[in-house]
K.L.:
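Pasting a structure here, questions to come.
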Amino acid sequence: MTGAFLAGLAAGYGVAVPVGAIAVLIMGLSARTSFRVGAAAALGVATADGVYAAVATLGGAAVAGLVAPVAGPLRLVAAVLLAIAVRGAWQALHPRPVGAAGRRRGLESPGRAFAGLLALTMLNPATVVYFAALVLARNDGHGVGPAAAVAFVAGAFLASASWQLLVAGGGSVVGRALTGPRGRRVTGLVSSAIIAALAVVILLTA
């Protein structure tokens with residue numbers, strides 16, 4: 001069981017650590033809003049990783065074979081990221097007055113950040129193929145016992161959550177260091193530019 005948990009940790013970090021558009025989005029949210037919002041977004045991503053790890057351990061080869069032909073709707077992911085980048089740049093250039101803080105929209109509240117990042121991460125089912133391949137390799141193509149499956153999923157979730165929360169914390173530090181309107185504008189525009197660039201790369205390689 002300990003081995004399955006450690007395998008889940010390694011698999012979770014393998015998915016989470018590579019810096020991509022999701023990490024940049026979480027960091028940008030924390031920088032522009034608060035660590036609370038960034039942490040909610042981080043937990044949304046970790047929840048998606050945990051769900052896919054659970055699906056992989058339950059379905060194994062059958063799930064991988066079913067999902068592989070349609071894995072990674074990259075153009076849809078890229079389109080969503082481009083929309084987020086455009087919205088982020090607009091908000092950076094046209095900040096709302098302080099009195100509008102209670103009427104948050106988009107991803108700028110914890111609940112919306114969690115749901116939005118959960119949905120965006122779930123758009124890429126290639127993650128379940130990744131987890132399924134690791135599970136099958138570890139068990140020589142055979143099934144996984146219930147205890148080992150729970151341990152693997154817990155490890156994957158905790159690894160993803162710890163890394164994404166670290167990213168959110170980094171964004172929060174940046175936000176505190178750049179508290180003025182100009183600093184917030186710069187971080188918002190930089191974050192949007194990076195997300196847009198990553199989306200373009202995805203479109204070009206899809």
Side-chain angles (χ1 to χ4, degrees), residues 12 15-16 19-55 72-128 156-179 181 183-199 202:
V15 166
V19 176
I22 295 294
V24 174
L25 181 56
I26 292 172
M27 186 172 289
L29 278 172
S30 290
R32 294 194 308 274
T33 57
S34 67
F35 174 73
R36 189 173 169 221
V37 173
L43 292 176
V45 174
T47 299
D49 288 341
V51 168
Y52 275 142
V55 170
L74 297 180
R75 293 187 184 279
L76 178 58
V77 173
V80 173
L81 291 174
L82 280 174
I84 290 173
V86 170
R87 180 180 177 83
W90 174 265
Q91 291 177 337
L93 293 172
H94 303 85
R96 293 193 301 273
V98 175
R103 300 189 299 274
R104 289 178 174 175
R105 296 180 179 178
L107 299 176
E108 295 186 6
S109 71
R112 290 176 181 272
F114 177 87
L117 269 294
L118 171 64
L120 185 58
T121 307
M122 293 290 287
L123 283 175
N124 185 15
T127 303
V128 75
F157 173 80
L158 289 176
S160 180
S162 64
W163 179 260
Q164 304 300 348
L165 287 171
L166 180 64
V167 170
S172 183
V173 170
V174 171
R176 284 196 295 269
L178 300 170
T179 54
R184 298 255 179 198
R185 185 179 301 115
V186 169
T187 57
L189 290 174
V190 169
S191 173
S192 296
I194 295 174
I195 293 171
L198 290 169
I202 290 174

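No hydrogens, no waters, no symmetry mates; every other heavy atom, side chains included, goes into these values. Small disclaimer: the values here were computed from a predicted structure and weren't measured.
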K.L.:
How long is the gap from CE on Met27 to CD on Gln164, to the nearest 0.5 Å?
P.N.:
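That separation rounds to 10.0 Å.
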K.L.:
Output the distance between atom OG (Ser172) and atom CD1 (Ile26), rounded to the nearest 0.5 Å.
P.N.:
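The OG atom of Ser172 sits 13.5 Å away from the CD1 atom of Ile26.
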K.L.:
I'd like a table of donor-acceptor pairs (distance under 3.5 Å, sequence neighbours excluded) in which one partner is a side-chain atom from residues 39-50, with atom names and distances.
P.N.:
{"unit_1": "Thr47", "atom_1": "OG1", "unit_2": "Leu43", "atom_2": "O", "d": "2.7"}
{"unit_1": "Asp49", "atom_1": "OD2", "unit_2": "Ser160", "atom_2": "OG", "d": "2.7"}

K.L.:
Rounded at 0.5 Å granularity, tell me how far CG in Leu120 sits from CD1 in Ile22.
P.N.:
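Leu120 CG to Ile22 CD1: 4.0 Å, rounded to 0.5 Å.
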K.L.:
What's the shortest heavy-atom distance between Leu117 and Thr121, and which atoms?
P.N.:
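Of all heavy-atom pairs spanning Leu117 and Thr121, the closest is O-OG1, 2.7 Å.
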K.L.:
Kindly give the heavy-atom pair with the smallest separation between Gly38 and Ser30, and that separation in Å.
P.N.:
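Of all heavy-atom pairs spanning Gly38 and Ser30, the closest is CA-OG, 3.1 Å.
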